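What follows is a short report on a single structure.
Numbering of ligands and ligand atoms starts at 1, following listing order. Because the structure is a prediction, the values reported are computed rather than measured.
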Amino acid sequence: MSDIRSMSLTELEAALKDMSQPAYRAKQVFSWLHKQKILSFDGMTNIPKELRAGLAAGYPLYGCEIRNKQVSKLDSTVKYLFELHDGELIESVVMKYKYGYTVCVSTQAGCKMNCAFCASALGGFHRNLSAGEILGEIYAAENDLGITVSHIVLMGMGEPLDNYDNVLRFLRLVTDENGHNISMRNISLSTCGIVPKIYDLLNECLQLTLSVSLHAPFDELRSKIMPVNRKYGIDELLKACREYAETTSRRISFEYAMLGGVNDSDECARALAKKLRGMLCHVNLIPVNEVKESPFHPGSPEQLKRFSDILEKNGITVTVRRKLGSDIDASCGQLRLKHTEGNSV
Ligand code: SAH
């Protein structure tokens with residue numbers, strides 16, 4: 001049985017019709033779930049008691065329970081460890097920017113992708129999150145902080161395109177005008193490059209920002225640090241990206257984690273510029289965040305500047321990602337499962 005927060009308004013209408021309810025009931029229930037963000041059928045005060053009981057008997061309503069919360073002393077970034085209904089643990093991060101709050105959500109418990117520099121894969125893959133569970137991360141954080149987020153990044157644990165159907169359902173739900181009603185333009189989805197799914201997403205023609213974790217301009221190097229590259233190589237990936245940008249007219253954002261002495265040479269910068277020439281895109285350089293178990297370090301600020309200058313000289317727009325929440329391990333690639341007893345996350 002589907003959890004009720006994963007159901008679209010149309011599906012809810014059909015379910016309520018089967019329970020001999022008028023159509024407007026679905027909108028009321030949907031609003032309780034996605035606007036008031038409540039977690040009990042009892043709280044739905046304009047719904048008849050009997051119907052509440054019927055819904056409760058038929059549909060699970062799962063929440064995210066806050067198991068741990070850390071607030072950065074440096075920039076007020078908040079990192080949550082949430083427990084799902086079956087005991088799975090996931091992490092989400094809320095960041096405050098001038099334009100509002102951004103939440104970084106996880107789409108899977110664990111990850112299969114095994115990127116060499118990323119902490120999320122260290123605990124292995126556990127399971128996909130449902131659309132309702134991904135929404136649950138946002139609602140739990142909003143309820144806890146008393147805020148409404150305006151931007152969402154699918155950049156937490158997991159590979160969104162490896163959980164394609166649930167992620168697409170999540171995107172439709174969170175942008176529904178009868179629900180949270182976030183603009184698709186305020187959502188970024190980050191992928192390590194599962195090419196067939198990029199084409200599937202392209203066919204949806206959504207106005208979201210596609211971020212692609214590139215991290216290297218050469219197949220040999222990229223395959224070493226990102227095993228997914230052995231299946232979908234750089235040229236195939238960039239071809240899909242070009243088509244994506246052309247079809248949607250949305251600029252692709254390439255993520256490039258600077259791994260000192262590994263992928264930050266002048267030669268890499270020149271090769272990257274050549275590969276991206278003429279594409280509607282920009283490059284986001286991220287000094288790699290250190291993860292205890294991995295050997296990578298961020299390299300020197302001078303080399304970061306040289307790398308960035310080479311890209312710019314070749315006509316590529318570059319930004320360097322600001323680090324938020326660095327005192328609470330809330331930066332990119334640091335979200336992970338920590339099960340060990342007594343180990344505070
Ligand atoms: N699976 C998706 C979503 C993860 S998003 C993807 O690969 O894009 C997290 C982003 O942080 C990705 O760009 C990822 O490559 C990057 N990342 C992972 N570990 C990192 C680290 N230690 N330092 C900096 N960036 C990292």
Inset, instruction - Using non-hydrogen atoms of the residue, decide whether Ser211 is closer than 4.0 angstrom to ligand 1. - result: no
Legend entry - Contact check, Gly158 vs ligand 1, heavy-atom distance below 4.0 Å: yes
List every atom of ligand 1 that sits less than 4.0 Å from any heavy atom of [X], numbering the atoms from 1 in the order shown and giving each element.
X: Gly156; answer: 4 (C)
X: Cys192; answer: 6 (C), 7 (O), 8 (O)
X: Glu159; answer: 1 (N), 2 (C), 6 (C), 7 (O)
X: Val288; answer: 21 (C), 22 (N), 23 (N), 24 (C)
X: Thr191; answer: 6 (C), 7 (O), 8 (O)
X: Val291; answer: 22 (N)
X: Asn289; answer: 21 (C), 22 (N), 23 (N), 24 (C)

Legend entry - Side chain, backbone, both or neither: the part of Glu255 lying under 4.0 Å from ligand 1 by heavy atom: side chain
Inset, instruction - Answer with side chain, backbone, both or neither: which part of Met113 has a heavy atom less than 4.0 angstrom from an atom of ligand 1? - result: neither
Inset, instruction - May I ask you to check if ligand 1 and Phe117 share an N or O to N or O distance below 3.5 Å? - result: yes
Inset, instruction - Name all residues meeting the side-chain hydrogen bond (donor to acceptor under 3.5 Å, both in side chains) criterion together with Lys17; count only those two or more places apart in sequence or in a different chain, and write none if there are none. - result: none
Inset, instruction - Under the salt bridge (Lys or Arg N to Asp or Glu O under 4.0 Å) rule, collect the residues that match up with Lys112, sequence neighbours excluded. - result: Asp162
Inset, instruction - Could you check which of Gln108, His215, Met155, Lys112 puts a non-hydrogen atom nearest to atom 16 (C) of ligand 1? - result: His215
Legend entry - Minimum non-hydrogen distance to atom 6 (C) of ligand 1, winning option of Ser213, Ser253, Ala257, Ser106: Ser213
I need the [X] [atom1] to [Y] [atom2] distance, nearest 0.5 Å.
X: Glu142; Y: Ile147; atom1: CD; atom2: CD1; result: 6.0 Å
X: Leu16; Y: Gln21; atom1: CG; atom2: CD; result: 6.0 Å
X: Arg277; Y: Ile316; atom1: CZ; atom2: CD1; result: 7.5 Å

Inset, instruction - Test Gln108 against every option in Asn128, Asn163, Asn166 by the side chain to side chain donor-acceptor pair (under 3.5 Å) rule and name the one that passes. - result: Asn128
Inset, instruction - Test ring-ring contact (aromatic ring centres under 6.0 Å, His included) on His215 and Phe117 and set out the steps. - result: CA-CA 10 Å; His215 305 322; Phe117 42 83; 4.9 Å; yes
Inset, instruction - Over all heavy atoms of both residues, which pair between Ser92 and Phe82 is shortest? Give the atoms and the distance, please. - result: OG-CE1, 3.2 Å
Inset, instruction - Determine yes or no for a side-chain-to-main-chain donor-acceptor pair under 3.5 angstrom, with Ser6 supplying the side chain and Gly132 the backbone. - result: yes
